[in-house]
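The structure appears below as structure tokens.
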Amino acid sequence: MQRILITSALPYINGIKHLGNLIGSQLPADLYARYMRAKGHEVAFICATDEHGTPAELAAIENKISTEEYCSEMWKVQKDLSEQFFLSFDFFGRSSSASNHELTKLFALNLDKNGLLKKVEERQLYSGEDKRFLPDRYVIGTCPGCSYERARGDQCENCTRQLEASELINPRSVLSHSEDLELIKTSHLYLMQSKLKDKLLAWIESNKNWPILTTSIAKKWLMDGEGLQDRSITRDLDWGIPVEKEGRPWEGMENKVFYVWFDAPIAYISSTVDWAISRKEHPDYWKSWWLDDHGAKDVHYVQFMAKDNIPFHTLSFPATLLGTDQSWKLVDYIKGFNWLTYEGGKFSTSQKRGVFMNQALDLFPSDYWRWWLLSNAPESSDADFTWKSFQACINKDLADVLGNFVSRLTKFTLSKFGKTIPGGTQYSKEEYNTISEIEKIFKRYDDAMTRIEIRKATSNLRKIWSIGNEYLQRSQPWMMIKTDEAEAAKVIRFGFNLMFFFSEISEPFIPETSIKVKNCLGKLNNKLQWPSFKKDFNSIFERVETGEEFKPIENLFKKIDDSQALDLEKRFEGTAN
RNA sequence: GGGGGGUUAGCUCAGUUGGUUAGAGCAGAGCGCUCAUAACGCUUUGGUCACAGGUUCGAGUCCUGUACCCCCUACCA
């Protein structure tokens with residue numbers, strides 16, 4: 001048994017996430033967590049909402065409530081949605097928690113003690129009307145390069161020139177449109193990442209098994225141009241973790257907060273602390289997951305995230321950890337994802353384009369989404385969501401292959417034998433051949449799951465399901481029953497064992513369906529045990545026994561017809577096209 | 001400008017350290033079955049592996065160049 005720490009990128013508090021966000025980190029992380037638990041490993045699967053920063057403040061203003069209230073409400077919404085998607089977090093915390101405040105300040109203190117923080121004076125645009133400093137993106141003005149009038153403070157959309165907000169001609173606030181902006185001197189703390197460059201490089205290079213996507217992004221940031229840049233870790237905002245040192249305001253940093261990107265990843269740790277507290281563990285328990293000198297050496301730590309998050313998880317956060325000179329656990333494997341697009345374009349929150357988590361659940365059960373998203377996970381390149389693909393995938397894989405297997409088996413049995421699993425003859429060559437064929441594919445499936453090769457895993461799982469239909473087709477119990485009832489009964493008994501096996505090995509992908517099938521078999525309380533290759537594989541198919549009763553079951557999946565698919569396509573195409 | 005990824009059957013994608021007739025699923029065609037959500041099974045038609053060179057006994061797989069697509073480029077999260 002191994003101890004596995006799994007974190008998925010923290011969803012930002014501002015609004016309900018769409019399918020692209022879901023497949024980008026939380027869903028694949030859940031798949032892996034469920035798999036590892038089933039294998040008997042000790043898993044800590046941690047996530048939290050990322051709550052600080054300007055967008056949260058603005059969203060709260062829009063909703064006419066305080067930022068604290070807004071975040072509390074949205075945390076609840078996101079937590080509920082994650083539960084409805086059967087995301088099996090051991091703890092879903094908040095980056096605004098007391099423990100994160102405490103830990104974030106502690107990290108800053110330790111980094112400062114090691115001489116890795118410096119104070120830098122800079123000038124930033126302040127909006128009198130909005131009463132706040134404006135991040136670059138919240139300033140628009142005329143581009144000094146091409147005279148485009150709506151250039152953003154970070155980049156001109158028209159000529160793609162990189163800009164400083166202070167370069168803009170006639171700058172104005174995106175929020176209030178006020179032109180009453182002035183450059184004000186302000187100081188910020190910078191994390192001197194450049195000093196940690198060699199350590200980071202050595203660490204990155206020691207991780208030989210990382211995916212290319214991860215390593216190439218990390219090295220690019222590390223080596224490109226002047227190398228790794230120092231970055232500020234504080235902001236002039238109200239909402240955030242106050243910059244304090246040992247309980248007192250940090251000199252020169254009064255009324256400032258830590259930058260979200262500094263405190264957010266620390267929430268992986270503080271959420272583990274909060275998890276331990278909620279379980280009434282020993283106060284040092286969380287350290288066994290996070291500090292090598294407290295037992296975390298044998299922990300295997302895997303992070304899941306979309307590719308835009310990779311620089312922060314390969315450089316900034318590790319720099320924060322390494323810079324303390326304490327034995328913090330560094331990530332062992334990063335599973336990065338590309339983007340999910342929607343009908344050939346981008347998912348867009350502002351244009352209401354695409355499908356969001358709450359809408360998705362109003363339309364179909366979570367397993368439909370889990371299955372499509374996981375079998376189309378953007379692993380090697382971007383993937384495109386289309387209703388046509390969704391329809392074909394659900395109808396074929398779930399309804400026809402898996403759903404219909406369960407349906408034909410249970411209905412046939414009900415009509416010929418009733419609700420009791422019949423006995424019949426002993427398994428013969430036909431059954432043992434089927435088992436060994438399953439074992440072969442199952443090994444590939446298991447291997448893909450271990451390596452987190454999600455698409456490969458789905459195709460093998462699907463193949464295993466179809467072996468069930470192949471078996472029934474070969475055995476033809478509907479013919480057999482006319483001449484040899486005992487033989488037909490044997491086929492049924494084996495069929496039910498296949499069904500039980502399917503429900504268990506499919507659980508990481510479609511947990512809700514798995515529960516339905518186990519309930520049908522009266523095996524709801526059986527703890528999920530991943531089939532082992534060490535024991536006799538044949539015995540796995542002896543667990544549904546003669547005389548046991550099953551409950552008739554509704555069709556597991558409804559098909560999506562053409563008109564419904566077309567209708568959905570129209571309904572979700574968005575407001576701007 | 002710099003960097004990364006991609007381009008393989010109508011569609012979505014696999015193709016391990018270069019090695020014999022390039023694979024899967026879906027869609028298409030034919031046959032079979034009738035237990036089942038007109039579902040299932042079997043068989044089968046599709047590819048000058050983006051293009052042009054090069055290395056090699058041999059390249060989808062390595063090198064160079066070209067074309068097209070997507071993404072990243074730091075104080076947005």
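To find a chain, count down the sequence lines: A is the first, B the second, and so on, and within it residues start at 1.
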query: Is the phosphate of B:U37, meaning OP1 or OP2, less than 4.0 Å from a side-chain N or O of A:K411?
result: yes

query: Starting at CZ of A:R235 and ending at P of B:A74, how long is that distance when rounded to a whole Å?
result: 13 Å

message: Would you measure the distance from the C1' atom in B:C35 across to the matching atom in B:G15 and give it in whole Å?
response: 38 Å

- prompt: What is the distance, rounded to the nearest whole Å, between atom OH of A:Y259 and atom P of B:A74?
  reply: 11 Å

- request: Anything under 30° is parallel, anything over 60° is perpendicular, the rest tilted; go ahead and classify A:H313 against A:Y268.
  value: tilted

- request: Compare the minimum distances between each of B:A74, B:G41, B:A36 and the side chain of A:N469, then state the nucleotide with the smallest one.
  value: B:G41

message: What is the separation between atom CG on A:L237 and atom C1' on B:C75, rounded to the nearest whole Å?
response: 11 Å

task: Under a 3.5 Å limit for both distances, which nucleotide forms a Watson-Crick or G-U wobble pair with B:G28, could you say?
output: B:U44

message: Using modelled atom types and a 3.5 Å cut-off, is there a donor and acceptor pairing between side-chain atoms of A:R455 and backbone atoms of A:N376?
response: yes

field: Residue matched to B:A67 through Watson-Crick or wobble contacts both under 3.5 angstrom
entry: B:U7

Flag for A:Q26-A:N21: side-chain donor and acceptor within less than 3.5 Å: no

Between B:G30 and B:G53 - C1' atom distance, rounded Å: 45 Å

Quick test: give all pairs of protein nitrogen or oxygen and nucleotides 22-32 of chain B nitrogen or oxygen below 3.5 Å, distance rounded to 0.1 Å.
{"residue": "B:G25", "atom": "O3'", "partner": "A:R462", "partner atom": "NH2", "Å": "2.9"}
{"residue": "B:G32", "atom": "N2", "partner": "A:Q473", "partner atom": "NE2", "Å": "3.1"}

field: Between B:G4 (C1') and A:D382 (CG): distance, integer Å
entry: 12 Å

- request: Calculate the interatomic distance between A:L472 atom CG and B:U37 atom P; express it in whole Å.
  value: 14 Å

- prompt: Mind checking whether A:F442 and A:Y445 have parallel, tilted or perpendicular rings, split at 30° and 60°?
  reply: tilted

- prompt: Near RNA chain B, which residues from residues 303-311 of chain A have a heavy atom under 4.0 Å away?
  reply: A:K307, A:D308

task: Would you indicate what A:W339 reaches in the nucleic acid, counting non-hydrogen atoms under 4.0 angstrom: base, sugar-phosphate, or nothing?
output: sugar-phosphate

- prompt: At under 4.0 Å between heavy atoms, what does A:R455 touch on the DNA or RNA strands: base, sugar-phosphate, or nothing?
  reply: sugar-phosphate

Spacing of the C1' atoms in B:G58 and B:A39 (rounded, Å): 48 Å

task: Would you classify A:K17 as touching base, sugar-phosphate or nothing, given that sugar-phosphate means primed atoms plus P, OP1 and OP2, and contacts are heavy atoms under 4.0 Å?
output: nothing

field: 4.5 Å side-chain heavy-atom contact, A:Y259 and A:L237
entry: no

message: Strictly by Watson-Crick or wobble contacts shorter than 3.5 Å, is anything paired with B:A14, and which nucleotide is it?
response: none

- prompt: Contact class for A:S380 vs. all strands (heavy atom < 4.0 Å): base, sugar-phosphate, or nothing?
  reply: sugar-phosphate

- prompt: Will you find, in the side chains of A:S95 and A:E51, an N or O donor that is under 3.5 Å from an N or O acceptor?
  reply: no

- prompt: Is the closest side-chain heavy-atom distance between A:T413 and A:F550 below 4.5 Å?
  reply: yes

- request: Among B:G41, B:A74, B:A36, find the nucleotide with the atom closest to the side chain of A:L228.
  value: B:A74

query: With syn defined as a glycosidic torsion within 90 degrees of 0 and anti otherwise, which applies to B:G46?
result: syn

field: Among A:F502, A:F501, A:F412, the one residue meeting ring pair (Phe, Tyr, Trp, His ring centres under 6.0 Å) with A:F405
entry: A:F502

field: Span that lies between the P atom of B:G2 and that of B:A77, in whole angstrom
entry: 29 Å

message: Return the CD to CD1 distance between A:Q391 and A:I560, rounded to the nearest 0.5 Å.
response: 6.5 Å

query: Under 4.0 angstrom, heavy atoms only, what part of the nucleic acid is A:G403 near: base, sugar-phosphate, or nothing?
result: base

message: As a test of reading the structure: which of B:G41, B:U37, B:C35 is closest to the side chain of A:S466, going by heavy atoms?
response: B:G41

query: Got a donor-acceptor pair under 3.5 Å from the side chain of A:N404 to the base of B:A36?
result: yes

message: Rounding to an integer number of Å, can you tell me how far A:F312 CZ sits from B:U73 P?
response: 8 Å

Span that lies between the C1' atom of B:U8 and that of B:G46, in whole angstrom: 13 Å

message: Just by distance, no angles: are the side chains of A:S194 and A:D230 close enough, under 3.5 Å, to form a donor-acceptor pair?
response: yes

- prompt: Hey, can you pull the residues of residues 475-503 of chain A with a non-hydrogen atom under 4.0 angstrom from RNA chain B?
  reply: A:W478, A:M479

query: From B:A39, B:C35, B:U12, pick the nucleotide closest to the side chain of A:K559?
result: B:A39

- request: Indicate, with a heavy-atom threshold strictly under 4.0 Å, whether A:L556 touches base, sugar-phosphate, or nothing.
  value: base

query: Between A:Y12 and B:C76, does any side-chain N or O lie under 4.0 Å from OP1 or OP2?
result: no

message: Ring of A:F337, cation from A:K335 - is the NZ or CZ under 6.0 Å from the centre and inside 45° of the axis?
response: yes

query: Applying the ring pair (Phe, Tyr, Trp, His ring centres under 6.0 Å) test to A:F557, which of A:Y368, A:W371, A:W372 qualifies?
result: A:Y368

field: B:C11 to B:C51 separation - P atoms, rounded to the nearest Å
entry: 15 Å

task: Quickly work out the A:Q564 CD to B:U37 P distance and round it to whole Å.
output: 19 Å

Rounded P spacing from B:U66 to B:G23 in Å: 34 Å

message: Rounding to an integer number of angstrom, what distance separates B:G19 and B:A36 when you compare their P atoms?
response: 49 Å

Test log, rule side chain to side chain donor-acceptor pair (under 3.5 Å), inputs A:T67 and A:E57: CA-CA 6 Å; A:T67 314; A:E57 288 185 314; 5.2 Å; no

- prompt: Will you find, in the side chains of A:Y471 and A:E430, an N or O donor that is under 3.5 Å from an N or O acceptor?
  reply: no

- request: Grab the NE2-P distance between A:H52 and B:C75 for me, whole Å please.
  value: 20 Å

A:S381 side chain near B:U12 phosphate (N/O to OP1/OP2, under 4.0 Å): no

